[in-house]
There are 2 protein chains.
Amino acid sequence: MEVGGCAAAAERPKPSEEHNGNAEPAVPHEKKMNGISAVIPGWFSELSPMWPGEAHSLKVEKILFQGKSDYQNVLVFQVLVIGGGDGGVLREVSRYSSVEQIDICEIDKMVVDVSKQFFPHLAVGYEDPRVTLHIGDGVAFLKDVPEGTYDAVIVDSSDPIGPAQELFEKPFFQSVAKALRPGGVVCTQAESIWLHMHIIEGIVSTCCQIFKGSVNYAWTTVPTYPSGVIGFMLCSTEGPAVDFQHPVYQIDEDEASNKSKGPLKFYNSQIHSAAFCLPSFAKRVIDSKTS
Amino acid sequence: MEVGGCAAAAERPKPSEEHNGNAEPAVPHEKKMNGISAVIPGWFSELSPMWPGEAHSLKVEKILFQGKSDYQNVLVFQVLVIGGGDGGVLREVSRYSSVEQIDICEIDKMVVDVSKQFFPHLAVGYEDPRVTLHIGDGVAFLKDVPEGTYDAVIVDSSDPIGPAQELFEKPFFQSVAKALRPGGVVCTQAESIWLHMHIIEGIVSTCCQIFKGSVNYAWTTVPTYPSGVIGFMLCSTEGPAVDFQHPVYQIDEDEASNKSKGPLKFYNSQIHSAAFCLPSFAKRVIDSKTS
């Protein structure tokens with residue numbers, strides 16, 4: 001099995017934009033720390049036009065790293081907040097002995113370097129001998145990949161506002177489908193059902209056009225994300241059928257994985273299947289596109 | 001079927017305490033609007049020792065109502081944020097034609113009045129002829145209820161810090177169990193698995209001592225709550241067995257309820273069963289108490 005991952009081909013701000021997007025210029029007392037909106041002094045607040053009128057804030061004990069790469073502002077503080085190219089997905093993929101080769105394409109080398117320095121427990125994923133790191137644009141990388149190269153592609157992207165928008169559009173999904181073998185699978189970040197049903201509706205429509213196997217939406221809880229949830233599109237190309245909700249592989253029974261990497265803290269078979277159960281308002285929209 | 005609801009016997013601040021608890025006195029620029037922490041002027045921020053170092057903020061368009069009852073500060077602004085005695089639970093319970101009588105015990109009349117004035121779509125629950133409203137302390141109310149009065153008790157309480165603590169303790173659960181018929185069920189608010197596993201562990205232990213039918217933990221997502229999730233204890237008394245995860249009644253097939261009250265926006269049979277699937281870290285703790 002081969003896995004191709006495009007992590008965080010993300011957040012390339014225009015000169016006038018900043019990490020958190022000048023979302024709420026009307027807020028008084030707002031200060032900028034190198035492009036990070038610090039609404040509350042001593043606190044990090046996430047403001048965005050993606051969730052207007054709402055903010056989630058974390059108290060910052062100490063700023064450990066602050067830098068500006070070609071693509072984004074990178075800020076590390078003594079609070080666990082992680083981004084795309086941090087190696088976390090790699091770490092989890094490398095649990096499985098059935099995986100033979102893992103390519104990761106990350107546009108921003110600074111994210112990799114900062115993760116290795118400050119989050120070694122995440123970046124440990126890079127140490128697996130099956131991993132090859134490609135620094136570059138995931139969109140371009142996938143275009144050059146020979147047809148049918150991968151069994152699975154994981155897209156760990158940021159939000160579809162601004163430059164990451166490409167990763168939510170038809171040409172990109174076409175490249176993904178081409179890079180997958182028949183019956184190959186893709187998992188992409190697909191926003192919050194509480195905040196972005198209109199975006200999700202568009203993604204589902206596009207995926208239905210491109211992926212002729214199955215098209216599914218699943219979701220889970222992430223307490224540090226706006227609205228507390230995040231969703232995923234799980235699709236397969238035409239070929240051997242894939243039942244995403246009821247996988248053949250049972251993680252709970254994989255003693256080798258649990259022994260070598262330690263038991264999983266969150267994920268298990270029940271949580272996996274439950275993630276496909278949708279609230280009625282979301283189910284109605286998604287079913288109308290997929291059926 | 002009879003349902004007894006104790007809504008929001010909650011938040012009775014000591015003279016020196018306020019609604020959001022003076023949680024973070026170190027935060028500069030903090031202002032108080034009648035006891036509400038306004039960290040960002042023009043925004044409502046929720047700070048609490050229950051989630052230290054974290055804040056969720058909503059931009060306030062306009063303050064519609066501001067008052068101090070005997071029990072808490074009541075603030076209504078042009079943002080949908082609802083509390084306990086608002087009638088929302090009543091509205092949902094009254095969907096079901098099998099329910100014959102509904103008692104609600106709410107300590108704070110101001111919550112009822114404010115809800116009727118500003119949230120008529122929630123307070124509509126009070127209009128059901130099966131509803132009897134009791135203004136008073138839920139703890140005292142339950143003590144006086146004859147044994148085996150209710151088929152179901154729903155406790156829609158606030159957090160177990162300060163005065164609402166009683167609603168999470170053994171004597172209260174004993175009153176609930178006594179008020180229920182054999183095989184009767186209780187649903188109580190049971191905090192966030194992300195923030196309060198130690199509190200949940202205690203609640204589960206207590207419930208296992210009191211409720212000799214079944215003891216279950218379920219959870220769901222609420223984007224405006226800290227960490228984005230909230231949990232419930234679902235327990236039954238000794239008597240006819242109750243399988244909470246797989247109820248006999250199928251909401252999706254109840255055409256009468258869907259017609260009279262409109263289709264449900266969130267809840268459905270799949271979401272119901274999925275709510276009992278727990279992340280491994282929570283499952284380990286809860287299973288160790290219940291099995």
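Not measured: the values here are computed from a predicted model. Lettering of chains follows the sequences in order, A, B, ..., and the numbering in each one begins at 1. The analysis underlying the following values was restricted to heavy atoms, covering all of them including side chains, and did not include hydrogens, waters or symmetry mates.
- Only the backbone of B:Y267 comes within less than 4.5 Å of a heavy atom in chain A; its side chain stays farther off.
- The choice from B:F281, B:W194, B:W219 that makes the most heavy-atom pairs within less than 4.5 Å of chain A is B:W194.
- Closest of all the heavy-atom pairs between A:R284 and B:K265 is NH2-CA, 3.9 Å.
- Most heavy-atom pairs under 4.5 Å with chain B: of the set A:S227, A:P223, A:G228, A:S273, this distinction falls to A:P223.
- Under a 3.5 Å cut-off, the side chain of B:N268 and the backbone N or O of A:C277 do not form any donor-acceptor pair.
- With a 4.5 angstrom heavy-atom cutoff, B:L278 touches chain A only via backbone atoms.
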